[in-house]
Amino acid sequence: MKQTFKVEGMTCASCAQTVEKALGKAEGVKEAVVNLTTEEATLTYNDQALSFDQVQSIVQSSGYDLVKEDSSSWVPLTNASMVQTYAIDGMTCASCAQTVEQAVNRLSEVKQAAVNLATEQMQVVWDSSDVIDPDLIQNTVDQAGYEAALVLSANDRYEQSQAKKEAKLKEEKTRLMWMAVFTIPLFILTMGPMLGMPLPSIIDMHHNFVNNALLQLALTIPVIWLARGIFVRGFKTLLNGHPNMDTLVAIGTSAAFIQGLVMTFLMATGRVVPEGHPDLYFESAAVILTLITLGNYMEELAKGKTSAAIKNLMDLTPDEARRVNADGSVEMVPVELIQLGDLIQVRPGESLPVDGEIVTGQSSIDESMLTGESMPVEKNVGDNVTGASINKTGSFTYKATKIGQDTLLAQIVQMVQDAQGSKAPIAKLADVISSYFVPIVIILAILSGLMWYFIIGESLPFALNIFISVLIIACPCALGLATPTAIMVGTGNAAQKGILFKSGVALENTHHADAILLDKTGTITQGQPTVNDFVVVDGLDEIEALRLVASAESVSEHPLGEAIVNYATNEKQLSLLAVDSFDSITGQGIVAVIGDKTVKVGNQKLMQGVNHFDQTATQQAEAFAQAAKTPMYFAIDDNYAGIVTVSDPIKETSFSAVQQLKAMGLEVIMITGDNRFTAEKIAEQAGIDRVFSEVMPEDKADMVIKLQNEGKHVIMVGDGINDAPALAQADIGMAIGSGTDIAMESADTVLMHDNLEDVVTAIDLSNKTIRNIKQNLFWAFAYNVIGIPIAMGLLHLFFNGPLLNPMFAALAMSLSSVSVLMNALRLRNA
């Protein structure tokens with residue numbers, strides 16, 4: 001099974017890498033991915049071999065805390081829906097369902113409870129948002145002899161996550177303010193005299209250095225206490241052998257505090273009498289901790305903005321729906337109460353709450369959020385409508401066919417959340433470095449401090465300054481944020497443009513593509529073929545021949561056959577005949593028996609052995625094909641009878657999209673089952689130079705392999721069932737959103753807008769996201785490559801340059817992480 005858990009206490013790339021490694025080694029775990037930005041661990045594992053308690057124990061032994069997203073971690077929300085869904089385990093019959101339902105309905109806090117035995121779920125409507133208590137439901141169901149688990153919708157999970165983040169931000173802000181209350185006076189006390197700021201003689205370091213030192217100590221202790229979480233996490237991970245960023249800060253500030261404590265004791269006992277400014281590092285410890293806390297607060301603020309795209313998608317769906325009851329009355333109900341089959345009334349200007357099918361009325365609907373089509377689409381009885389689209393003109397009633405997590409919008413949100421929680425291959429570089437980074441920094445800090453004290457002969461305070469600066473300047477946090485933040489913002493922006501990357505791998509691999517294979521029908525062309533010519537041999541009744549051919553094709557599901565049926569029934573107003581038997585011959589065509597007639601419709605292979613089929617027929621077919629028409633031969637009673645041609649014009653945007661793809665340096669190739677002449681004509685119209693024609697559906701994947709064997713990184717774009725194997729085989733499969741479910745399931749990326757130009761946008765977004773990640777990684781690496789040698793005092797040693805003050809090191813470290821986040825947020829406007 002695959003499950004996502006919240007991991008608390010992670011602060012840097014080293015933390016995430018430690019947790020990921022520990023979980024990855026556990027028995028029964030197939031894959032473990034830890035995302036620092038979302039603070040989540042996604043596990044693919046055998047739940048029979050590994051329990052939640054064992055997973056939690058593994059994470060805790062690494063120095064962190066794991067929280068399962070269930071009712072035990074429920075955070076009451078100010079705007080929480082009063083409707084909740086629970087999964088009920090243990091029910092076997094209608095009596096079980098009734099027992100659970102009655103038990104919960106007896107609760108005074110519950111307005112209504114309904115149990116569905118088929119889905120094994122219970123829907124609870126609370127009396128008010130103030131009394132929502134999942135534990136109450138679980139205990140009640142438990143007493144009835146069953147088990148209940150809260151099922152959180154994507155919206156609930158997001159809202160709960162945001163509530164936790166807001167609570168964490170509020171707590172961090174309060175802590176920061178109290179730390180500032182003590183740190184600012186401490187800073188003035190130590191640095192004020194250097195800036196010409198007079199102090200009362202009783203606390204002035206030159207007149208009464210003991211009082212000054214004791215006051216510094218008194219102001220530092222509350223700051224240490226307020227930042228105790230850094231010390232707990234830092235030393236815990238150090239003892240576990242997995243040091244992280246908190247470890248560096250904890251060691252450095254502890255050294256500064258202990259040095260100040262020892263010096264204060266020596267001065268208070270008269271063993272040390274300083275000359276001039278006493279060598280104390282209390283203010284360094286306090287300022288460093290305050291700046292680190294400020295940096296963490298700023299990081300959390302910036303992280304919150306990375307998930308804005310998810311919120312924008314969720315806001316498209318209304319909170320309430322106008323439900324039509326059995327007696328014809330209409331009532332406003334929360335969307336969560338809508339059941340399959342319910343009738344919903346929609347008025348002009350309203351958003352549709354769920355997916356469904358119109359039963360009465362008609363209207364024009366704005367589906368731009370799904371299709372990208374700016375013009376409203378006319379909808380009539382029997383047409384499907386999608387939740388979150390906007391009704392523009394008329395009123396209508398429709399039947400709910402997909403609700404909750406099954407709606408198209410919910411699936412989009414889930415897909416985006418999965419992509420944002422995934423890891424791109426480029427992140428491996430940061431993972432490898434972060435696993436060695438912190439131990440190396442600790443070693444460098446110790447060696448540089450010892451070198452300055454023992455070899456070069458500087459004072460102990462000087463060496464301590466070097467030691468602390470090296471520890472504080474190093475920032476694995478920026479490394480950890482470099483990739484996931486860019487992926488979160490990039491995939492969120494893509495989703496708002498109707499491009500759904502299913503994972504970070506898909507996002508990165510798109511960037512590597514150098515060849516793109518485009519299916520013809522429905523991808524380059526409109527996918528709605530129409531009949532152009534219906535030619536019969538001399539002496540044959542054209543109308544009767546058309547009736548026979550259309551009747552035969554009426555049993556076929558091929559889009560070309562559908563075009564013939566539409567032509568016969570709609571344009572020629574013909575009634576069709578009953579088909580007695582039907583056979584579809586793969587790669588050739590169809591054979592049908594209609595009364596006493598045998599009808600064959602297909603290609604040249606099917607015509608082998610048919611009377612009177614000669615070179616004249618093939619020449620005529622070639623002429624049609626060269627005009628971008630697809631010819632199909634037909635025979636009646638094994639006598640060649642004529643040709644029907646069908647054309648599928650290219651989309652208006654196909655040519656410009658192909659030109660843009662070529663400008664990006666991609667080789668554009670068309671693949672189709674159509675004959676060579678028609679395929680080449682369509683390719684010419686679309687501006688495509690290389691064509692794979694007359695390719696059987698089962699051979700499309702082989703053509704992808706052929707290109708891969710040429711050393712190409714292939715994107716396959718398609719929309720049909722027969723494209724699914726090729727979509728899965730390609731390095732990146734892109735499914736046109738108007739295509740089949742199986743095509744979209746097989747693809748790595750889904751293009752919701754049915755527009756080939758979205759392929760260009762997807763590749764462009766991938767390029768920009770990867771470029772952003774590389775920028776983040778470069779600056780994270782460059783920051784440490786430049787900062788650590790300066791902190792070690794190399795400028796001072798070789799060029800008599802300045803030393804790096806630990807307080808400035810702390811500020812620089814915090815700003816480096818924030819700068820990475822801000823750079824990633826630029827992708828929102830890409």
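All values below were derived from every heavy atom in this structure, side-chain atoms included, with hydrogens, water molecules and symmetry-related copies excluded.
Side-chain atoms of Asp519 never come within 3.5 Å of backbone atoms of Val717 as a donor-acceptor pair (strictly under, hydrogens ignored). No side-chain donor-acceptor contact under 3.5 Å links Ser14 to the backbone of Asn244. Gln775 places no side-chain N or O within 3.5 Å of a backbone atom of Asn823 that could act as its donor or acceptor partner. One N or O on the side chain of Glu20 and one on the backbone of Val34 form a donor-acceptor pair closer than 3.5 Å. Side-chain atoms of Glu694 come within 3.5 Å of backbone N or O of Arg676 as a donor-acceptor pair. With hydrogens and angles ignored, the 3.5 Å screen pairs a side-chain donor or acceptor of Ser766 with a backbone N or O of Leu507.
One distance of note links NZ of Lys520 with OG1 of Thr630; it measures 5.0 Å at 0.5 Å rounding. In this structure, CG in Asn493 is found 7.5 Å from CG in Asn829, a value given to the nearest 0.5 Å. To the nearest 0.5 Å, the span separating NZ on Lys30 from CG on Asn46 amounts to 11.0 Å. Atom NE2 of residue His512 and atom CG of residue Asn767 lie 10.0 Å apart, to the nearest 0.5 angstrom. Interatomic distance, OG of Ser654 versus CD1 of Ile682, reported as 9.5 Å (0.5 Å rounding). Leu66 CG to Leu43 CG: the interatomic distance, rounded to the nearest 0.5 Å, is 8.0 Å.
Looking at heavy atoms from C-beta onward, Leu36 lies out of side-chain contact with Thr483 at the 4.5 angstrom threshold. Side-chain contact between Pro425 and Val505 is present, with heavy atoms from C-beta onward closer than 4.5 Å. Side-chain contact between Asn755 and Lys651 is absent, with no heavy-atom pair separated by less than 4.5 Å. For the pair Leu352/Thr386, no side-chain contact is recorded, criterion being any heavy-atom separation below 4.5 Å from C-beta on. Side-chain atoms of Leu827 and Lys768, non-hydrogen and from C-beta on, do get closer than 4.5 Å to each other. Under the 4.5 Å side-chain criterion, counting only non-hydrogen atoms from C-beta, Thr11 is not in contact with Asn296. In this structure the side chain of Ile524 reaches within 4.5 angstrom of the side chain of Ile688, judged on heavy atoms.
Among all heavy-atom pairs drawn from Asn384 and Lys379, the shortest one is O-NZ, 3.0 Å. Of all the heavy atoms in Asn772 and Ala486, the pair that sits closest is OD1-CB, 3.7 Å. Here the shortest heavy-atom pairing between Met734 and Ala762 reads CE-CB, 3.9 Å. Taking all atoms of both residues into account, the shortest heavy-atom contact from Asp674 to Ser693 is O-CB, 3.5 Å. Residues Leu777 and Ala482 share a closest heavy-atom pair of CD2-CB, 3.6 Å. Of all non-hydrogen atoms in Thr769 and Gly490, the two that sit nearest each other are OG1-CA, 3.9 Å.
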After noting the C-alpha distance and the side-chain angles of Tyr64 and Cys15, does the key distance pass the side-chain contact (heavy atoms from CB on, under 4.5 Å) rule? CA-CA 8 Å; Tyr64 306 91; Cys15 304; 3.3 Å; yes

Mind running side-chain contact (heavy atoms from CB on, under 4.5 Å) on Gln729 and Ile705 for me, showing each step along the way? CA-CA 7 Å; Gln729 175 62 43; Ile705 295 172; 3.6 Å; yes

Given side-chain contact (heavy atoms from CB on, under 4.5 Å), test Asp748 with Lys502 step by step and report yes or no. CA-CA 6 Å; Asp748 304 288; Lys502 290 186 178 180; 5.5 Å; no

Does the pair Val55 and Gln3 meet the rule for a side-chain contact (heavy atoms from CB on, under 4.5 Å), with working shown? CA-CA 11 Å; Val55 175; Gln3 195 167 6; over 6 Å; no

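Shown here are the salt bridge (Lys or Arg N to Asp or Glu O under 4.0 Å) partners of Asp383, two or more places apart in sequence or in another chain: there are none. For Asp702, there are no salt bridge (Lys or Arg N to Asp or Glu O under 4.0 Å) partners, not counting sequence neighbours. With sequence neighbours excluded, the residues satisfying salt bridge (Lys or Arg N to Asp or Glu O under 4.0 Å) with Glu172 are Arg175. Partners of Lys774 according to the salt bridge (Lys or Arg N to Asp or Glu O under 4.0 Å) rule, which considers only residues two or more places apart in sequence or in another chain, do not exist here. Contacts of Glu684 classified as side-chain contact (heavy atoms from CB on, under 4.5 Å), with partners at least two apart in sequence or in another chain: Lys681.
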Ignoring hydrogens and angles, write down the donor-acceptor pairs under 3.5 Å from the side chains of residues 659-669, residues two or more places apart or on other chains.
{"unit_1": "Gln660", "atom_1": "NE2", "unit_2": "Ser656", "atom_2": "O", "d": "3.4"}
{"unit_1": "Lys662", "atom_1": "NZ", "unit_2": "Gly687", "atom_2": "O", "d": "2.5"}
{"unit_1": "Lys662", "atom_1": "NZ", "unit_2": "Asp689", "atom_2": "OD2", "d": "3.2"}
{"unit_1": "Glu667", "atom_1": "OE1", "unit_2": "Lys712", "atom_2": "NZ", "d": "3.0"}
{"unit_1": "Glu667", "atom_1": "OE2", "unit_2": "Arg690", "atom_2": "NH1", "d": "3.1"}

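A salt bridge between Lys168 and Glu39 is present, with a side-chain N of the basic residue lying under 4.0 Å from a carboxylate O of the acidic one. Ion pair Asp758/Lys497 not flagged as a salt bridge, since none of the NZ, NE, NH1 or NH2 atoms sits closer than 4.0 Å to an Asp/Glu carboxylate oxygen.
No side-chain donor-acceptor contact under 3.5 Å links Asp731 and Asn509.
Other residues, nucleotides and ligands contribute at most 12 non-hydrogen atoms within 6.0 Å of the CE atom of Met822.
Taking the six-membered ring where tryptophan is involved, the planes of Phe5 and Tyr45 are tilted, since the angle between them lies from 30° to 60°.
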